[in-house]
Amino acid sequence: MVLEATMICIDNSEWMRNGDYSPSRFQAQSDAVNIICGAKTQSNPENTVGVLTMAGKGVRVLVTPTSDLGKILACMHGLEIGGEMNMAAGIQVAQLALKHRQNKKQQQRIIVFAGSPITYDKKVLETIGRKLKKNSVALDIVDFGEEDDAKPEKLEALLSAVNNNESSHIVHVPAGPNALSDVLISTPVVTGDGEGGSGFAAAAAAAAAGGVSGYDFGVDPNLDPELALALRVSMEEERARQEAAAKKAADDAAKQEKGGELASTSHDATMAEPVSSGPVVDTKRNELTDDETALLEQAVAMSMDDPRSTQSGGLSVGDTDMPEVTTEDQELAYALRMSVQDKTEDLSTQSEMNKVLGDQSFLSSILASLPGVDPNDPSVKDLLASLQAQSEQKKDEDESPKEDDK
């Protein structure tokens, strides 16, 4: 691919208002400029293109050589039409702009659109051509619009003076049904010196012109059917890829939303359960534990006859405090003393009971105080007699071991 820096000279004179080229000469020229800029910038990433006008108030550089296609296309909007074309001054300014290009390895090329009559003499144009050839600047000429006998001759003389190894070209485009851009798309002005091919230039031109030719993707399938098919397949694949990516993104978003709802629901349920039931359960458990502990301690104290246990009124059940036990001998002595004390308490209780049963008058008074009981009833008397006999027998049995001990 050729590495070039190109300056395009636009004819914006009064002659560009004519409508012999659809929709007008100036609009047809603008479409052709868009195609050329797209082809140049797409053929090599390092190619640069600049634009200047040759009419109006004077030669004016719209864009210096740049690879920004958007900047190049934007400068074409809002151009003023008026005055006469100054081709000599335009070519010289374009040569000066190429001289100050940033990349000196780029080859220099000027493309001139001549849509109005040429007022310069042939010798002046030949002088300009020789100067361009001396500075290794190639020149492409697009002849359209006004047709007279002198114009093609002058342009051919200019091309002959600048041409070097067939690096310069001229294209005559008469008025007709074909658009100016459609004619140029297959010429060396767009395709270059055979490098890159007409198919690539057509694709680049279609991308730049935005489909002004009226064909699908801006490419005429009659000129390059393989390129048109490749562009169509590529477009279908890209559309399918975008649809698949959009569907996948939608599915992922739906899954994430569903998962978030489930997680939030379970989290709310988990957090709500201890909040609603936790304190009540703990309170009841504490109350039951306290009551059961109190009852258990009271039952143990009553069964063990613990002196330290208390009743509801706060009275002591026993009157003996448990001494501090530190050794095994003290523990054994305490156990013996407690057993002897229990035995003594049992004997004293039995003796008191025997005394009560032996007192006939006391028992008779108690029985008389009971409602429905007659102390003179024979059965009651027999019961009292048997109780008294049992009491005396028990007393004799208790006294017998004492006498044997003596």
Side-chain angles (χ1 to χ4, degrees), residues 1-12 29 32-33 36-37 39-41 43-55 58-68 71-72 75 84-116 118-143 151-172 184 187-196 201:
M1 293 182 292
V2 179
L3 179 62
E4 282 186 337
T6 305
M7 284 296 297
I8 301 177
C9 301
I10 299 175
D11 184 0
N12 60 330
Q29 179 183 215
V33 170
I36 294 173
C37 291
K40 296 295 182 180
T41 55
S43 63
N44 194 315
E46 297 184 7
N47 281 355
T48 57
V49 180
V51 180
L52 61 82
T53 57
M54 297 183 293
V59 178
R60 184 165 64 98
V61 178
L62 302 179
V63 179
T64 56
T66 178
S67 58
D68 188 355
K71 187 177 181 181
I72 298 170
C75 73
E84 294 183 358
M85 179 183 66
N86 190 347
M87 178 180 287
I91 293 175
Q92 292 175 356
V93 172
Q95 180 185 357
L96 184 61
L98 292 175
K99 183 178 180 180
H100 294 284
R101 65 193 184 280
Q102 294 181 353
N103 188 356
K104 299 301 180 180
K105 294 182 179 180
Q106 293 175 328
Q107 297 182 13
Q108 305 174 77
R109 181 175 295 275
I110 299 175
I111 300 176
V112 178
F113 282 85
S116 56
I118 305 296
T119 58
Y120 289 98
D121 188 50
K122 182 190 300 185
K123 294 183 179 180
V124 176
L125 296 177
E126 290 177 350
T127 303
I128 295 174
R130 286 192 293 268
K131 186 177 182 181
L132 294 176
K133 183 178 181 180
K134 181 179 179 180
N135 291 281
S136 300
V137 179
L139 178 65
D140 291 334
I141 303 174
V142 179
D143 178 19
K151 182 180 178 182
E153 183 180 356
K154 294 179 180 179
L155 294 177
E156 291 290 347
L158 174 61
L159 181 67
S160 300
V162 71
N163 195 8
N164 183 16
N165 296 326
E166 301 297 330
S167 60
S168 300
H169 312 89
I170 185 171
V171 179
H172 301 279
L184 293 179
T187 62
V189 175
V190 176
T191 61
D193 296 331
E195 299 189 24

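These figures come from a predicted structure and were not determined experimentally.
The residue from Val112, Val59, Ile128 that alone fulfils the side-chain contact (heavy atoms from CB on, under 4.5 Å) condition with Met87 is Val112. Put simply, the residue from Thr64, Val63, Val61 that forms a side-chain contact (heavy atoms from CB on, under 4.5 Å) with Leu52 is Val61.
Applying the salt bridge (charged side-chain N to carboxylate O under 4.0 Å, His left out) rule to pairs touching residues 130-141 yields Arg109-Asp140, sequence neighbours excluded.
Within a 6.0 Å sphere centred on NZ of Lys104, other residues, nucleotides and ligands contribute more than 12 heavy atoms. Around CD of Glu84, the count of heavy atoms belonging to other residues, nucleotides or ligands within 6.0 Å does not exceed 12.
Considering every non-hydrogen atom in both Gln106 and Ala5, the closest pair reads OE1-CB, 3.3 Å. Between Cys75 and Leu62, the shortest heavy-atom contact is O-CD1, 3.8 Å. The shortest heavy-atom contact between Thr41 and Ser67 is CG2-O, 4.4 Å. Cys9 approaches Ala94 most closely through the heavy-atom pair SG-CB, 3.9 Å.
With sequence neighbours left out, Thr187 forms a side-chain contact (heavy atoms from CB on, under 4.5 Å) with Val171, Leu184, Val189. Residues satisfying the side-chain hydrogen bond (donor to acceptor under 3.5 Å, both in side chains) test with Thr6, not counting sequence neighbours, are none. Every side-chain contact (heavy atoms from CB on, under 4.5 Å) that Gln108 has, sequence neighbours left out, goes to Leu98, Arg101, Val137. Taking the side-chain contact (heavy atoms from CB on, under 4.5 Å) definition, one finds that Asp121 meets it with Lys123, Val124, sequence neighbours left out. Contacts of Asn12 classified as side-chain contact (heavy atoms from CB on, under 4.5 Å), with partners at least two apart in sequence or in another chain: Phe26, Thr53, Ala55. By the side-chain hydrogen bond (donor to acceptor under 3.5 Å, both in side chains) test, Arg60 pairs with no residue at all, sequence neighbours left out. Every residue meeting the side-chain hydrogen bond (donor to acceptor under 3.5 Å, both in side chains) condition with Glu153, not counting sequence neighbours, appears here in chain and number order: Lys122. Residues meeting the side-chain hydrogen bond (donor to acceptor under 3.5 Å, both in side chains) test with Glu156, sequence neighbours left out: His172.
Atoms CD1 and CD1, from Ile141 and Ile170 in turn, are 4.5 Å apart once rounded to the nearest 0.5 Å. In this structure, Thr127 OG1 and Leu132 CG are separated by 11.0 Å, a value rounded to the nearest 0.5 Å. Interatomic distance, CE of Met7 versus CD1 of Ile111, reported as 11.0 Å (0.5 Å rounding). Atom CG of Leu158 and atom OG of Ser168 lie 8.5 Å apart (nearest 0.5 Å). To the nearest 0.5 Å, the span separating CG on Asp143 from CD1 on Ile118 amounts to 7.5 Å.
Side chain of Asp11 to backbone of Ser116: a donor-acceptor contact under 3.5 angstrom is found. No donor-acceptor distance shorter than 3.5 angstrom exists from the side chain of Glu126 to the backbone of Ala157, with no hydrogens or angles considered. No donor-acceptor pair under 3.5 Å is formed between the side chain of Thr48 and the backbone N or O of Pro65. A donor-acceptor contact shorter than 3.5 Å is absent between the side chain of Lys40 and the backbone of Val49. Checked by atom type and distance alone, the side chain of Asn165 never pairs as donor or acceptor with a backbone atom of Ser167 at under 3.5 Å.
In this structure, Asn163 and His169 have side chains that are not in contact, with every pair of non-hydrogen atoms separated by 4.5 Å or more. Taking the side chain as every heavy atom from C-beta outward, Phe113 and Ile8 approach each other to under 4.5 Å. Annotation: side chain of Ile10 is not in contact with side chain of Met54 (no heavy-atom distance under 4.5 Å). The closest side-chain heavy-atom distance from Leu3 to Gln107 is not below 4.5 Å.
Checked by atom type, the side-chain pair Asn47/Ser43 shows a donor-acceptor distance below 3.5 Å.
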